[in-house]
Peer 1: 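Let me begin by handing over the structure; questions about it come next.
In what follows, chains carry the letters A, B, and so on, assigned in the order in which the sequence lines appear, proteins first and then strands, with residues in each chain numbered from 1.
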There are 2 protein chains.
Amino acid sequence: MSIPDQVARRTQPNADSAAEDYLKTIYHHTEWQSAPVTPSVLAATMGVAPSSVTEMAKKLSAAGLVNYEPYKPLTLTPEGTARARGVIRRHRLIETWLVDEMGYDWHEVHDEAEVLEHSISDRLLDAIDTRLGHPTRDPHGDPIPAADGSVENSPALLLSQAAVGTSGMVVRISDRDPSLLLSLAAAGIRPSTTLSVVSRDAGAGFIVRVALASDADADTGPLVPVSASGSSSIWISAPA
Amino acid sequence: MSIPDQVARRTQPNADSAAEDYLKTIYHHTEWQSAPVTPSVLAATMGVAPSSVTEMAKKLSAAGLVNYEPYKPLTLTPEGTARARGVIRRHRLIETWLVDEMGYDWHEVHDEAEVLEHSISDRLLDAIDTRLGHPTRDPHGDPIPAADGSVENSPALLLSQAAVGTSGMVVRISDRDPSLLLSLAAAGIRPSTTLSVVSRDAGAGFIVRVALASDADADTGPLVPVSASGSSSIWISAPA
DNA sequence: GCGAATTTTTAGGCGTGCCTAAAAATTCAA
DNA sequence: TTGAATTTTTAGGCACGCCTAAAAATTCGC
Ligand SMILES: [Mn+2]
Ligand SMILES: [Mn+2]
Ligand SMILES: [Mn+2]
Ligand SMILES: [Mn+2]
């Protein structure tokens, strides 16, 4: 029977996908930037009222997943961190699978993964992981946590913080803005592309030179404008 | 952004997977047997209290998916039928995909499909359908409704209602009991296997002869006992 | 250091899906 | 046909995740 009894039915619907999304979002804030994760910050990123965050914080704290003290920032417990990485592993493996096997383009996968990350079984996740050959990066260059919870987090520099003249390889691009991904792909920018910063302007954005594959690092590649918001979605390898 | 705003978040969690399961279950009752689908019958199959069925019946009726009048059996409206078939299409394509591509055995797929049928997008469903070459039967022999909603429902006879001496090809086997599927597979019984009824006993069950692939219809295949409950999970092609 | 602005929490509600217990309707059977 | 048994509906609750509005705490700026 698919729905064994009343208890399962009450418990199972989506397990606790809301909780998983909170954990994931808290984790992300510490993964990409390191600023304290306050309820207002969380509320803004999750599109939820601050009071909803307070409520969930209490529940997650009671479950031993989040450290919560009134009026202080939220942090993940070791167990909360492990759970968050588990969800992120699912998310990124699903994205990789959609691109590598199901004919999706890299700007189309995030929303689908956002849902499936909560419903796929461990069994199916393993099958996908195996089929893909245990990838360590998703289509956007984000590291895929290993099954044991370890993450290989290579140091990187946000393009928005790179000085003119800096050059480096694109290592990660945020997958949250599909239209940015679409335009970057059109400009030939994706993980492993080599870029150099030609000009920067806090308001207007950046201009970067894209190194051609055939002629890496030379000054011959096309010049591409990157908006201010785009420049804080692109990580390049830290200069050697 | 994956979770665009509060409205989406309130609306989206699983869309209406509960409603979908009710529609699907009502449809199934008319697909396999034809007895009136009363609230108590629905409640029993869904593992839910009868009062829960009444409540949902009202909602589905208000949504134009179910015909509901107090104290009468439930039926699907044309739109409800279409929705039910859509869910069943998802379910069966997912099962087929799990078996054909993801290394699952046929007794392992039902529960996974029961969850994923509510979370996969149309886009992904199409991708799966295309990859599989638009299959028309799932691993248990159940017909997969086409994208346009049409279903090819071949006439079949429940093994439990077959007279001694009857022989026919297995066309469908209920996927609800994994252990039955496991033992049938061990005995070489699956869709397209040819069986003949050697003996039947309402209490003790049936004995069937399994025709060998090499020597179809001959009286040389192994004899296999089938429990009474098993015999009402197996459909064979109606005698010509 | 202190009042004002901001952030966070509390209080009270709402819709969904489920429950149990009680009331009402239907069906069965003598 | 009529009372008993069964089925169905109604009534009242509960947990979850979210909300708005009001209260409380913290932080900021002068
Ligand atoms: Mn999610
Ligand atoms: Mn990604
Ligand atoms: Mn199934
Ligand atoms: Mn389901």
Side-chain angles (χ1 to χ4, degrees), chain A residues 1-26 29 35-63 65-75 114-115 118, chain B residues 1-26 29 35-63 65-75 114-115 118:
Chain A
M1 208 57 185
S2 57
I3 297 153
D5 58 19
Q6 296 82 335
V7 176
R9 177 160 267 279
R10 221 172 324 167
T11 301
Q12 206 219 37
N14 249 23
D16 8 80
S17 72
E20 287 185 343
D21 280 335
Y22 277 93
L23 294 175
K24 203 180 54 162
T25 307
I26 296 170
H29 267 273
V37 183
T38 61
S40 54
V41 164
L42 249 191
T45 18
M46 303 202 44
V48 133
S51 56
S52 303
V53 174
T54 301
E55 285 171 354
M56 183 59 87
K58 287 177 183 168
K59 278 176 208 159
L60 294 175
S61 170
L65 300 171
V66 154
N67 302 118
Y68 170 68
E69 290 187 74
Y71 299 100
K72 290 200 186 154
L74 302 172
T75 59
E114 196 61 48
V115 176
H118 307 293
Chain B
M1 209 54 186
S2 55
I3 299 154
D5 57 18
Q6 295 84 333
V7 176
R9 176 159 268 278
R10 222 172 324 170
T11 301
Q12 205 220 36
N14 250 23
D16 9 79
S17 71
E20 287 185 342
D21 281 334
Y22 278 93
L23 295 175
K24 202 179 53 164
T25 306
I26 296 170
H29 267 273
V37 184
T38 61
S40 55
V41 163
L42 249 191
T45 18
M46 302 202 43
V48 130
S51 57
S52 303
V53 174
T54 301
E55 285 172 353
M56 184 60 87
K58 288 178 184 168
K59 277 177 208 161
L60 294 175
S61 169
L65 300 170
V66 156
N67 301 119
Y68 169 67
E69 289 187 75
Y71 299 100
K72 291 202 186 152
L74 302 172
T75 59
E114 197 60 48
V115 176
H118 307 292

Peer 1: Give a yes/no answer on whether the side chain of A:S52 brings an N or O atom under 4.0 Å of OP1 or OP2 in D:dC18.
Peer 2: no
Peer 1: Taking any heavy-atom pair under 4.0 Å as a contact, classify A:P70: base, sugar-phosphate, or nothing.
Peer 2: sugar-phosphate
Peer 1: Which nucleotide sits closest to the side chain of B:S51: C:dT9, D:dT9, C:dC18?
Peer 2: D:dT9
Peer 1: Is the closest side-chain heavy-atom distance between A:D21 and A:H118 below 4.5 Å?
Peer 2: yes
Peer 1: Among C:dT8, D:dT8, D:dC18, which nucleotide sits nearest the side chain of B:T54?
Peer 2: D:dT8
Peer 1: Report which part of the nucleic acid B:S40 touches: base, sugar-phosphate, or nothing (heavy-atom distance under 4.0 Å, all strands).
Peer 2: sugar-phosphate
Peer 1: Atom CD of B:E69 to atom P of D:dT9: distance rounded to whole Å?
Peer 2: 11 Å
Peer 1: Using whole Å, report how far CG of B:L42 lies from P of C:dC18.
Peer 2: 12 Å
Peer 1: Please determine which of B:T75, B:L74, B:V37 meets the side-chain contact (heavy atoms from CB on, under 4.5 Å) test together with B:V66.
Peer 2: B:L74
Peer 1: Is there a side-chain contact between A:Y71 and the phosphate of C:dT6, meaning an N or O under 4.0 Å from OP1 or OP2?
Peer 2: no
Peer 1: Take atom NE2 of B:H118 and atom P of C:dT16, then tell me their distance rounded to the nearest Å.
Peer 2: 18 Å
Peer 1: Can you check whether any acceptor in the base of D:dT8 is under 3.5 Å from a donor in the side chain of B:T38, or vice versa?
Peer 2: no
Peer 1: Quick check: do B:Y68 and B:L60 have side-chain heavy atoms less than 4.5 Å from each other?
Peer 2: no
Peer 1: With a 4.0 Å limit, can you tell me whether A:Y22 has a side-chain N or O closer than that to the phosphate oxygens OP1/OP2 of D:dC16?
Peer 2: no
Peer 1: Whole angstroms only, please: what is the CE-P distance between B:M56 and C:dG15?
Peer 2: 16 Å
Peer 1: Taking NZ from A:K72 and P from D:dA24, how many angstroms apart are they, rounded to a whole number?
Peer 2: 21 Å
Peer 1: Taking donor-acceptor contacts at under 3.5 Å, does the side chain of B:E55 reach the base of C:dC18?
Peer 2: yes
Peer 1: For B:K58, report the nucleic acid contact type (base, sugar-phosphate, nothing); a contact means any heavy atom under 4.0 Å.
Peer 2: sugar-phosphate
Peer 1: Under 4.0 Å, heavy atoms only, any strand: does B:P39 hit a base, just the sugar-phosphate, or nothing?
Peer 2: sugar-phosphate
Peer 1: Please give, in whole Å, the distance from C:dC14 C1' to B:K59 NZ?
Peer 2: 13 Å
Peer 1: Answer whether the closest heavy-atom distance between the side chains of A:H29 and A:V41 falls below 4.5 Å.
Peer 2: yes
Peer 1: To the nearest angstrom, how far is A:D21 atom CG from D:dC18 atom C1'?
Peer 2: 14 Å
Peer 1: Please check the phosphate of D:dT9 (OP1 and OP2 only) for any side-chain N or O of B:Y68 closer than 4.0 Å.
Peer 2: yes
Peer 1: If you look at every heavy atom in B:K72 and B:P39, which pair is closest and at what distance?
Peer 2: O-CD, 4.4 Å
